[in-house]
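Contents: one structure, followed by commentary.
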Amino acid sequence: MSPIHGAAAPDEPFQQSLLQGFPASAAAAPGPPLADLLPVARVRLESSLPHLDRPFDYSVPAGLDAAAQPGVRVKVKFNGQELAGYLIERVGESDAGHPLVPLHKVASPVPVLTASVADLAYRVAARYAGNVSDVLRVAVPPRMAKLEKDLAPEGVLDPALFADGADNGAGPAVPAGLEASSWSPYRNGPAFLQHLNAGESPRAVLGALQGYGPGGWPRLIAEAVAAVRQSGRGAVVVVPDYRDLDRVEAALLQLLPAGDVARLTADDGQTPRYRSFLRILSGAAGVAVGTRSAAYAPVHNLGLVVCWDDGDDLHIEQRSPYAHSREVLLLRAEQEGAACLLAGHTRSTETQRLVEAGWAWPVEADRAVARRTVPRVLNTADSYELEHDPLARIARLPGAAWRAAKDGLERGPVLVQVARAGYAPSLACDNCREPARCTACSGPLAIAGASGSSAVPQCRWCSTPAPAWRCGTCNGVRLRRGATGALRTAEELGRAFPGKPVITSSGDRVLATVPDSKALVVATVGAEPVAAGGYAAALLLDGDSLLRRENLRAGEDAVRRWFNAAALVRPAGDGGLVVITADDAAGVGALLRWDPAGYAQRELSLRQELQLPPAVRVASITGGRTAVGHFGQAVEQQLGPQGIVLRTAGPAPLVLAGAPGPTGSQGKAGVAADEDVRTLLFIPYAQAAQVTRVLRAVKVAAAAKRTDDPVQLRLDGVDVL
């Protein structure tokens, strides 16, 4: 069977194991009459089993000839079971070597899987050594039969059928000129728009300055999309969460007709999501905007892909193969020859690598423009502040921060960024400072509500209360708060500024916006609401706590969160002030100078010197010690003849006590049958294509043989280092 959409044929050593799952032959009984033209259908099954991750050939009965078109959902018989799948293509003959099982039925006549999306799914699966079916599960939303019946009764999607839909309506026309563009203050900005408008495909990395108001980053993205729409091409915009999605959608609707914009997010529910998907598929909407899955939207004549704040962890798909939206969009831009825009208040090290490689051009504001646009930044840990306030290093709210909040409340809202949600998110022994652990499951103890004699610590993992806790190290019985959460911070600030309202945004209650009133807004990192007129001041607390995270990207992530919060504050000329309490020369210095590009360049150079991601790619193999060992040996045996020797780390035991291991690594009653370990493989980019093919092949062979427990294979996971 020939490969499709660039898919590689199964490797010879694993051919036998793959054929064990081939559809059973129907040679004993004559089948139904077949279609006269192209009687063989190649079907991609919806199965997470790695050894079934390839197309299978089925015959097309004459009765299904008209409906069985490439891209439709089908039902097939496979080893006595009925499985769902997608019809990839139809061909004249099969090289399977035996009679084919006929298609069971066409589940839907709507061709929901386009050839370009099918090709993209294969590319994503190849990059992450995953299954194509797992990618398609994200790319194509679940079917809503009633919508298909109403909008495509015969399987044909007519854009006119969406004209009277709830998502359509009159809107402003596409702007005729770009002279008054918000991109004007940015170096290379007007040129980028002109290239888009001319039908070209430039690639840019944008460092946006302002995060609020009419000149904020949503307007910049909307103008780029409007420019590419003027050239007659479509666009895909991917943002981290629903709050960013609401802002970008509103900005797009100010420039484009309402019917031209389709919103794709699972948060809206399956029916609205599928309706938007059908609008894009039919060509009624030329712009797709949404969260992770929007990266696969079947936009016609794609001309631009946009990713906002690619450093946000929400861009990472939480299911296998754990693809990142940025990488999906980069693959798609290369595949379809589209323009690419990676935008944010900061640069990730991955984006900086693209700039240094010459793949994308930086779009930045000159220093004079930045000074007029951004707030003034003050660090309470510098020598001048410490000389005037010696306790500033240990105080949770140093004197300079208190004064900034007091003065800011006279002019508007004041943002207070804290690291953790809750009241007291962690507790420790008051005597020896060891973290307080639950006696039932060894989970961390915390206080969920306000302080007082009735507050009883409880476990954050199993919720078991600990009214009579005793330290296992020193036998102490007194607890102290190891960290202060957003709720306790709000309580303390309410007492410090009586008469001023305190608004919290954290945990399950995350606000998108706040009014321009004189109030304190306490928010956890990433949950900062937007004030339409900007904050008068911002206090960035718990910076050292963010930097102490045991993660390779702790500094990079902390800087990104600081810049995102600072961008919500008014310019220095309007009295805007940001006070940060962290003691970190590199990260805080970048914020003081408003130089995110310089910080990304420094961070990437360090990673390159140490040969750590993103200077190299990393693959993590997690599972039982025996299974991981066998997997690693198989990889080494296949890479050896190719002359590839990888730098490895491990296998090392997983240190997170109580964390669930990969499926299959647990014995009865949750007792570990085989110690869970992790091995890391560091892969140079020049060898990445060869290594990922081998990793994928070994994964397929291991799944087919079933001699070991399954392992989790993950590439470029940001949380493994």
Legend entry - Criterion side-chain contact (heavy atoms from CB on, under 4.5 Å) on Val377 and Trp562, from CA distance to verdict: CA-CA 11 Å; Val377 181; Trp562 293 339; over 6 Å; no
Inset, instruction - Please tell me if the side chains of Val525 and Gln417 come closer than 4.5 Å, counting only heavy atoms from C-beta onward. - result: yes
Legend entry - pair Asn197-Leu193: side-chain heavy atoms closer than 4.5 Å: no
Legend entry - Short N-O contact, Glu603 and Arg347, less than 4.0 angstrom: no
Inset, instruction - Would you name the heavy atoms of Tyr242 and Val510 that are closest together and state the gap between them? - result: OH-O, 3.4 Å
Inset, instruction - Measure the spacing between CG of Leu331 and CZ of Arg326 and express it to the nearest 0.5 Å. - result: 11.0 Å
Legend entry - Pair Arg617 + Asp716: basic N to acidic O under 4.0 Å: yes
Legend entry - Main-chain N/O of Ile316 paired to Gln318 side chain as donor or acceptor, under 3.5 Å: yes
Legend entry - Pair Trp183-Gln194, side-chain donor/acceptor within less than 3.5 Å: no
Inset, instruction - Answer yes when Arg90 and Asp65 have at least one side-chain N-carboxylate O distance shorter than 4.0 Å, and no when they do not. - result: yes
Legend entry - Working for side-chain contact (heavy atoms from CB on, under 4.5 Å), residues Tyr186 and Leu220: CA-CA 10 Å; Tyr186 294 87; Leu220 293 169; 3.9 Å; yes
Legend entry - Smallest separation among heavy atoms of Gly211 and Val530, with atom names: O-CG1, 4.2 Å
Inset, instruction - Taking the side chain as every heavy atom from C-beta outward, state whether Ser293 and Arg273 have any atom pair closer than 4.5 Å. - result: yes
Legend entry - side-chain contact (heavy atoms from CB on, under 4.5 Å) assessment of Leu354 paired with Glu350: CA-CA 7 Å; Leu354 296 176; Glu350 288 82 2; over 6 Å; no
Legend entry - Any side-chain heavy-atom pair of Arg203 and Glu334 under 4.5 Å: yes
Inset, instruction - Output yes when a side-chain donor or acceptor of Asn188 lies under 3.5 Å from a complementary backbone atom of Val363, and no otherwise. - result: no
Legend entry - pair Val521-Leu511: side-chain heavy atoms closer than 4.5 Å: no
Inset, instruction - For the pair Arg319 and Val138, evaluate side-chain contact (heavy atoms from CB on, under 4.5 Å) and give the outcome as yes or no after the intermediate values. - result: CA-CA 9 Å; Arg319 297 174 293 182; Val138 178; 3.8 Å; yes
Legend entry - Minimum-distance pair of heavy atoms, taken over all atoms of Ala323 and Val328: CB-CG2, 4.0 Å
Legend entry - Spacing of CG belonging to Leu568 relative to CG belonging to Leu415, to within rounding of 0.5 Å: 6.5 Å
Legend entry - Salt-bridge present (Glu317, Arg137; N to O < 4.0 Å): no
Inset, instruction - Could you tell me how the ring of Trp308 sits relative to the ring of Trp217: parallel (under 30°), tilted (30 to 60°) or perpendicular (over 60°)? - result: parallel
Legend entry - Aromatic Tyr122 / basic Arg44 pairing, under 6.0 angstrom, 45° off normal: no
Inset, instruction - Determine the minimum heavy-atom distance between Thr692 and Arg127, stating which atoms define it. - result: CG2-O, 3.7 Å
Inset, instruction - Please round to the nearest 0.5 Å and tell me the distance separating atom OG of Ser231 and atom CG of Leu304. - result: 9.0 Å
Legend entry - Heavy-atom check, side chain of Val355 versus side chain of Gln601, under 4.5 Å: no
Inset, instruction - Keeping the roles fixed (side chain from Arg143, backbone from Ala107), state whether a donor-acceptor pair exists under 3.5 Å. - result: yes
Legend entry - Nearest-0.5 Å distance that lies between atom NE2 in His315 and atom CD in Glu327: 11.5 Å
Legend entry - Donor-acceptor under 3.5 Å (Arg570 side chain, Gly575 main chain): no
Inset, instruction - Identify whether the distance between the nearest side-chain nitrogen and carboxylate oxygen of Arg560 and Asp310 falls below 4.0 Å. - result: no
Legend entry - N/O donor-acceptor pair under 3.5 Å between Asp241 side chain and Asp244 backbone: yes
Legend entry - Check: Trp359 and Arg353 side chains under 4.5 Å, non-hydrogen atoms: no
Legend entry - Donor-acceptor under 3.5 Å (Asn564 side chain, Gly526 main chain): no
Inset, instruction - For residues Ala297 and Leu264, report the shortest heavy-atom separation together with the two atoms involved. - result: CB-CD1, 3.7 Å
Inset, instruction - Keeping the roles fixed (side chain from Arg279, backbone from Val261), state whether a donor-acceptor pair exists under 3.5 Å. - result: yes
Legend entry - Polar side-chain atom of Asp312 near backbone of Leu314 as donor-acceptor pair, under 3.5 Å: yes
Legend entry - Spacing of CD belonging to Gln352 relative to CZ belonging to Arg607, to within rounding of 0.5 Å: 11.5 Å
Inset, instruction - Measure from the side-chain N and O atoms of Asp574 to the backbone N and O of Gly576, and report whether any donor-acceptor pair falls under 3.5 Å. - result: no
Inset, instruction - Can you measure from OG1 (Thr351) to CG (Leu342) and round to the nearest 0.5 angstrom? - result: 5.0 Å
Legend entry - Donor-acceptor contact present, side-chain Ser276 to main-chain Arg263, <3.5 Å: yes
Legend entry - Minimum heavy-atom distance between Ser184 and Pro190, given as atom pair plus value: CA-CG, 4.0 Å
Legend entry - Close side-chain approach of Arg233 to Ser201, heavy-atom, < 4.5 Å: yes
